[in-house]
> 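Structure provided below as structure tokens; questions to follow.
Computed from a predicted structure; not experimentally measured.
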Amino acid sequence: MQPTKLFAKGIVTGYRRGLRNQDSSISLLKIEGVESKADTEFYHGKRVAYIYRGQKSRKNKITKRETKLRVIWGKIRRAHGASGVVRASFRTNLPPKAIGATVRVMLYPSRV
């Protein structure tokens with residue numbers, strides 16, 4: 001039996017912006033396989049994890065092991081435009097190096 005994947009892959013495309021101003025507290029994500037505004041409805045309210053590697057290792061709070069991996073958690077808020085891009089807000093704003101990086105869109109919490 002194949003293990004089931006509890007997340008979808010997404011890419012950070014940038015911040016919400018206008019012609020001259022950008023709002024770094026709202027990130028734009030493109031989710032794999034989502035091509036229209038109607039498709040984004042399923043993902044509203046889902047959790048998002050941006051996983052990155054830090055320079056020094058820290059002790060993981062759950063497993064109590066030393067690790068260099070860190071995570072910034074966020075939530076998908078709403079659709080952005082008609083092409084399947086979504087807006088997400090994270091607990092701390094995503095750094096600029098996250099633009100173009102992958103994120104995990106968790107398939108929980110369920111709204112069914």
> So does Ile99 get a backbone contact from the side chain of Tyr15, meaning a donor-acceptor N/O pair under 3.5 Å?
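No; zero donor-acceptor contacts below 3.5 Å.
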> Is there a path of hydrophobic side-chain contacts, each under 4.5 Å between heavy atoms, that joins Ile76 and Ile11?
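No, separate clusters.
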> List in chain and number order the residues that pass side-chain contact (heavy atoms from CB on, under 4.5 Å) with Glu66, two or more places apart in sequence or in another chain; answer none if no residue qualifies.
Ser57, Lys59
> Taking side-chain contact (heavy atoms from CB on, under 4.5 Å) as the test, write out the residues that go with Tyr52, two or more places apart.
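In terms of side-chain contact (heavy atoms from CB on, under 4.5 Å), with neighbours along the sequence ignored, Tyr52 is linked to Tyr50, Arg70, Ile72, Lys97.
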> Side-chain donor-acceptor contacts of residues 25-32 below 3.5 Å, not counting sequence neighbours, with atom names and distances?
unit_1: Ser25; atom_1: OG; unit_2: Asp23; atom_2: OD1; d: 2.8
unit_1: Ser25; atom_1: OG; unit_2: Asp23; atom_2: OD2; d: 3.4
unit_1: Lys30; atom_1: NZ; unit_2: Val34; atom_2: O; d: 2.6
unit_1: Lys30; atom_1: NZ; unit_2: Ser83; atom_2: O; d: 3.0

> What do you reckon, is CZ of Arg17 surrounded by more than 12 foreign heavy atoms closer than 6.0 Å?
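More than 12 within 6.0 Å, yes.
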> Would you say Met106 and Val48 make side-chain contact, with heavy atoms under 4.5 Å?
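They are not in side-chain contact.
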> Tell me which pairs pass ring-ring contact (aromatic ring centres under 6.0 Å, His included) where either residue lies in residues 18-44, with sequence neighbours left out.
none
> So, using side-chain contact (heavy atoms from CB on, under 4.5 Å) as the criterion, who are the partners of Arg91 when residues are at least two apart?
Trp73
> Donor-acceptor pair, distance only, cut-off 3.5 Å: does the side chain of Lys46 make one with the backbone of Pro109?
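Yes, the answer is positive, given that a donor and an acceptor are paired below the 3.5 Å cut-off.
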> Checking Arg87 now: which residues fulfil side-chain hydrogen bond (donor to acceptor under 3.5 Å, both in side chains) with it, not counting sequence neighbours?
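side-chain hydrogen bond (donor to acceptor under 3.5 Å, both in side chains) list for Arg87, sorted by chain: His80.
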> Got a sec, which residues hit side-chain hydrogen bond (donor to acceptor under 3.5 Å, both in side chains) with Asn93, two or more places apart in sequence or on another chain?
none
> Mind checking the CZ-CG spacing from Arg53 to Leu69? Nearest 0.5 Å is all I need.
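Answer rounded to 0.5 Å: 5.0 Å.
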> Determine yes or no for a side-chain-to-main-chain donor-acceptor pair under 3.5 angstrom, with Arg111 supplying the side chain and Glu41 the backbone.
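Yes: the side chain of Arg111 pairs with the backbone of Glu41.
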> Partners of Arg77 by side-chain contact (heavy atoms from CB on, under 4.5 Å), sequence neighbours excluded?
Lys75, Ser89
